[in-house]
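A short write-up of the structure that comes next.
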Amino acid sequence: MNVLSVASEVYPLIKTGGLADVAGALPLALKEHGVRTRTLMPGYPAVMAAVKHATRCHAFDDLLGHPATILQVEHHGLDLLILDAPALFGRPGGPYVGPDGRDHPDNWRRFAALSRAGAEIALGILDGWRPDLVHLHDWQTGLLPAYLRYAGRPAPPSLMTIHNIAFQGQYGVDIFPHLGLPPDAYAIDGVEYYGGVGYLKAGLQAATAISTVSPTYAEEILTPEFGMGLEGVLAARAGDLHGIVNGIDTRVWNPEHDPLIAATYGPSKLKRRRENKHAVAERFGLKHDDGPLFCVVSRLTWQKGMDLLADVTNEIVAQGGRLAVLGSGDAGLENAFHAAAARHPGRVSIHTGYDEPLSHLMQAGADAILIPSRFEPCGLTQLYGLRYGCIPVVARTGGLNDTVIDASPAALAARAATGVSFSPATTHTLQRAVNRTFRLYREPKTWAEMQKQGMKTDVSWDKSAGLYAQLYKNMTMKGR
């Protein structure tokens, strides 16, 4: 089977979050199931610098107002199609924001162009290749199913994956005339959304099927609490909605062979984690002692529950713990953690920004990773934690609920526990979870058993890739 995947970011070329990890790892895992994937992505400066020997396979004279070229290249095992459109993507800043931290004002055009190019590829614009199915990721690709629906030509089925329904790509009605869609596309069952244009909503309406990144999140987004205004659209398509939990690339995330950590180790050599713990403390300027070292690798936002964590830092320190924070986000939350570090020098420290090698070291050296998210479609950091023996302390929501087994008395007795979970996400429940974590940490045999159980958990893409391959097969069979 030939599949076209379309994503706005792909690891290892460009990454702002878990979407890139999925878009980079899933195609590789699908090879074992007879699925050949070609991935279309934008030609950001970092991407163009990394793909030196790409070949040109198509040119657009006018792609939503700008010339563009599709380049083909193989990179780290990925079969990539790069949309080289300098006027749209060749600029400083991140994929979505400029150097000033503000959204690029023409993001609507940039990602409409990505979707339009993907639709043309799906319809056979590349000589000798046409996909059996198109797999789309998040709002940046949401217009692609709409372009296919209104193309007036036979099109392959499309799967729209929601990585985080909070990000929807909503724009004013004034952009509609520039999208190259027919007038009847601006309708309640098309791209119209509360008087404007909704990119994700358009994808949910027009895609053949919808998936999201965990079974629990698939249920949650059907409710007003988690659906972010799209629960009605999703409820109407509940029969086409599938929840498939994410995996991780276990070749990149492997504590036994990870070149980014101070000391490699496995379940039978957990004592070697001490060298990594020492290295984390050194990197963050934390004191060395026998208390637990907690870590955070996260966007510092309300969604991630970082305000709750900021409220319990004093208690973590009071009980003899230390906290290392890696992340950036809301200025108020960044300031809250800087203030905590100032109150507790040597006990709390924050590294503002994102550092991929440092995140590996933190998973390898911290005792526990704190993930108090108010909602979490899947989450990957808890999967990295399981893989590295870094106990996840998580809110019981979305993919966190599907991947972490709480250290209840029954789970501990059965030697099945892999972490600590709590609900609902409040300061009080987080504090109780932290207290439980301290108690477990003071029982070395129990703690080591949880670490080993987590490290034995299958967090790879093997099972989930099989579920995607079966879903692809079902979708293509229905279309015949």
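Just so you know, these numbers use all the heavy atoms, side chains as well, and skip hydrogens, waters and symmetry mates.
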Please answer whether the main-chain N or O of P377 pairs with a side-chain N or O of S214 as donor and acceptor at a distance below 3.5 Å.
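Answer holds: yes.
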
Restricting to side-chain hydrogen bond (donor to acceptor under 3.5 Å, both in side chains), what partner residues turn up for [X], sequence neighbours left out?
X	answer
R299	Q303
E32	none
R396	S421

Below 4.0 angstrom, N of the basic side chain to O of the carboxylate: do R436 and D406 qualify?
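Yes, this pair counts.
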
[Y] and [X] aromatic ring geometry - parallel, tilted or perpendicular at 30°/60° bounds:
X	Y	result
Y468	W461	tilted
Y96	F111	tilted
H278	H288	parallel
H163	H137	tilted

Please check if atom CZ in R274 has more than 12 non-hydrogen atoms from other residues, nucleotides or ligands closer than 6.0 Å.
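No, because the 6.0 Å sphere around CZ of R274 holds 12 heavy atoms or fewer from other groups.
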
If I take atom CE from residue M450 and atom CD from residue E443, how far apart are they, to the nearest 0.5 angstrom?
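CD of E443 is found 10.0 Å from CE of M450.
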
CG on L430 to CG on N435, rounded to 0.5 Å:
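So the gap between those two atoms works out to 9.5 Å.
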
Answer with yes or no whether the side chains of [Y] and [X] bring together a donor and an acceptor at under 3.5 Å.
X	Y	answer
H135	S211	no
R110	N107	yes
T352	E334	no
N276	Y265	no

